[in-house]
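Read through the structure below, which is laid out as structure tokens, and then see the notes.
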Amino acid sequence: MIKAKFKVAHQTPQSNNFSLDIDISIPSQGITAIFGHSGSGKTTLLRCIAGLEKSVVGHLEVSQQIWQSESFCLKTYKRPIGYVFQEASLFEHLTADENLTFAMKRAEHEVSKAHYEKIVSVLGIQTILTRYPSELSGGERQRVAIARALLVQPKILLMDEPLASLDNARKKEILPYLERLQASFDIPILYVSHSLDEVARLADHVVVLEAGSVKAQGELSKIFSTLEYSSYFEQGTGVIIKGSVVEKDQTWHLMKVSFAGGELWLSDNSEKIGEEVRVRILAKDVSLALSNHSDSSIANRFQGEVVEIAKEEGSPIVLVRLKVGNEYVIARLTGKSLASLGLSEGAHCWAQIKSVAIVH
Amino acid sequence: MSFSQADLAAIWLTIKLASTVTLLLLLIGTPIAWWLARTSSKWKGPIAAIVALPLVLPPTVIGFYLLVAMGPNGAVGQFTQSIGIGTLPFTFWGLVIASIFYSMPFVVQPIQNAIEALGERPIEAAATLRAGPWDTFFNVVLPLAKPGFITAAILGFAHTVGEFGVVLMIGGNIPGETQVISVQIYEHVEAMEYGQAHALSALMIAFSFIVLLALYGFQRKGKIHALSVK
């Protein structure tokens, strides 16, 4: 468990009167996303955990070890962390491999050859090790930087928007490597991001920051299926559901995913049968009907019970949360449609899901 | 072109003085430059101004106050006498100390600029890779800011070679002790020995030209490298 409590008050020309005041607990397993819009303090929080931020009052405990208290502050270079900056920040005077060696020489415990090779192969950087950072692409640099951070053998890996400085093609190139990190190395990751897509795809746990304070924290699927935070996610409002592939339809290139609320058909993304997948159903892709329209083009239909309705003052839009089996689905519709359907909490209706995105 | 025994002694003394001063200035100037580049203290302005003073002051002013301070009645003079090394004016080490003040901005500023250009990021990255402050300085900052350090060394050396006013005030004209090239040239001219003055002056021009050529050539190369790194 990582317990962090920080108070920071900055007065800089860029962000007048920025302040951070947070108290969070993060499980020391899996990927925890620190999500927020720019200026919400997510990078500052990460820098506080790394000890990079100066004049911070706080208390930080990582796996029962105190890193910072009122009277004590462990220097950054004595904290067992790995840090990946937004820009790769490789040492330009060293080759990729020398950058890795820099980390290995300073690791707390000796890095075995096998561990080194595993890291290099998981990140797919075998062939570029002899090059200087100036000869690498943005994506390659970031992969070397991640490998370098892992080679100091950290107890926790801190990543500050590692994809933000890359274009979409490079992002797609790196995401699979990030997913493999968690599977290959059993190390907790704190992942700062302002991208809902990345968070939906990678995180197990989320901390939502707004204007320097914690708006929500908890399990990813719980946070995303709660209407309370939906205004914050805007167009990205929607649920994330975990399921597994159970059947494939070769003729139509579809696959069936079974989850706690039923079964979904979605386009075959070349996953294997039995594989765990994570799908995201956006509220704007869900419509509601009082009966089951089997004559519709929509294949994914579920009966559910309305458990919560959220109206926004002065807006035509309402969000409806349905319980489908043991999962939830959120639908986004106008207040007028809701009134004409006559739905209220406790009512039963059918959710028609126009599209499902596989995120993992 | 031939040099007399005294000329050769002056050349040797100049090289010895400039080398000693450059070495000491790199040792003293680096921490000052490091501090100036990274501090947000309110003292940054005043300290930077003090370091830069020799750029605008007549050398005679610096020489005069150092002469007073290091003289028998000055604070520094009292101290040096009390530890039994006499007074420093009109000695080689007096010249060294005066030159350190005089050439300080030429060493501090290039190093400061180089460290500022580097930014905090490599230093922070090194800290997250468990490198302590000394480790970071020698293995990250020094290699990355090397062009700045080389520029500083070249400028510090060349500027010390070219000083005259401070030497005259604090060192006088003692052969083998404080009689450097610039003073020796003055001496030759006073004695109407234009031929010998020519020889030494031409040597200085050649030396200065080569140094500046090397410096600009080096900076151009550095820039190309810096660009390719981006």
Side-chain angles (χ1 to χ4, degrees), chain A residues 10-12 43 46-47 49-55 74-94 98-109 111 132-136 138 141 144-145 147-160, chain B residues 30 33-45 110-111 113-153 218-230:
Chain A
H10 272 184
Q11 226 166 355
T12 59
T43 295
L46 204 68
R47 290 174 57 85
I49 292 171
L52 292 170
E53 205 66 17
K54 291 184 187 80
S55 57
L74 199 63
K75 299 257 190 233
T76 298
Y77 63 89
K78 290 189 174 152
R79 297 186 183 196
I81 51 162
Y83 201 104
V84 179
F85 294 88
Q86 200 165 339
E87 319 81 34
S89 308
L90 296 176
F91 299 129
E92 301 283 347
H93 64 294
L94 301 175
E98 285 164 349
N99 266 282
L100 300 185
T101 312
F102 187 100
M104 276 195 289
K105 270 192 196 157
R106 289 159 179 84
E108 201 168 2
H109 311 287
V111 181
Y132 279 93
S134 57
E135 299 162 335
L136 299 175
R141 273 208 287 273
V144 175
R148 187 178 70 170
L150 284 169
L151 280 166
V152 292
Q153 305 205 320
K155 293 212 168 71
I156 177 167
L157 184 61
L158 308 172
M159 304 180 98
D160 183 11
Chain B
T30 302
W34 174 269
W35 183 81
L36 283 173
R38 305 187 68 217
T39 186
S40 49
S41 153
K42 60 177 177 176
W43 292 102
K44 178 177 174 164
I111 298 177
N113 291 341
I115 293 174
E116 276 172 0
L118 211 60
E120 285 294 300
R121 188 46 57 80
I123 298 168
E124 289 184 352
T128 67
L129 296 168
R130 309 179 66 83
W134 289 101
D135 186 358
T136 302
F137 178 77
F138 284 108
N139 295 304
V140 177
V141 176
L142 201 57
L144 284 172
K146 198 165 73 184
F149 282 92
I150 293 176
T151 303
F218 172 75
Q219 283 181 342
R220 211 185 54 226
K221 227 171 73 193
K223 229 175 235 150
I224 290 165
H225 177 69
L227 280 179
S228 71
V229 155
K230 282 279 156 182

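By convention in this document, chain letters (A, B, ...) are assigned in the order of the sequence lines, proteins followed by strands, and residues within each chain are numbered from 1.
In this structure, the side chains of B/V140 and A/F102 come closer than 4.5 Å at one or more pairs of heavy atoms. Counting only heavy atoms from C-beta outward, the side chains of B/L144 and A/E92 approach each other to under 4.5 Å. Counting only heavy atoms from C-beta outward, the side chains of A/Y83 and B/E124 never approach each other to under 4.5 Å. Contact annotation: the side chain of B/T136 never approaches that of A/Y77 to less than 4.5 Å [non-hydrogen atoms, C-beta and beyond].
Residue contact with chain B, scored on non-hydrogen atoms closer than 4.5 Å, involves the backbone and the side chain of A/P80 alike. Residue contact with chain B, scored on non-hydrogen atoms closer than 4.5 Å, involves the backbone of A/A107 exclusively. For A/R47, the part lying under 4.5 angstrom from a heavy atom of chain B is the side chain only.
Partner of B/R130 under the side-chain contact (heavy atoms from CB on, under 4.5 Å) criterion, out of A/K78, A/R106, A/K75: A/R106 alone.
Smallest separation of non-hydrogen atoms from A/F91 and B/P122: CE2-O, 3.5 Å.
Ranked by heavy-atom pairs under 4.5 Å with chain B, the first of A/E87, A/R79, A/E108 is A/E108. Heavy-atom pairs under 4.5 Å with chain B were tallied for A/V84, A/L158, A/L52, A/I81; the largest tally goes to A/L52.
Between the side chain of A/H93 and the backbone N or O of B/L142, no donor-acceptor pair lies under 3.5 Å.
A/S89 contributes atom OG, which lies 12.0 Å from atom CD1 of B/I123 (distance to the nearest 0.5 angstrom). Atom CG of residue A/N99 and atom CG of residue B/L129 lie 8.5 Å apart, to the nearest 0.5 angstrom.
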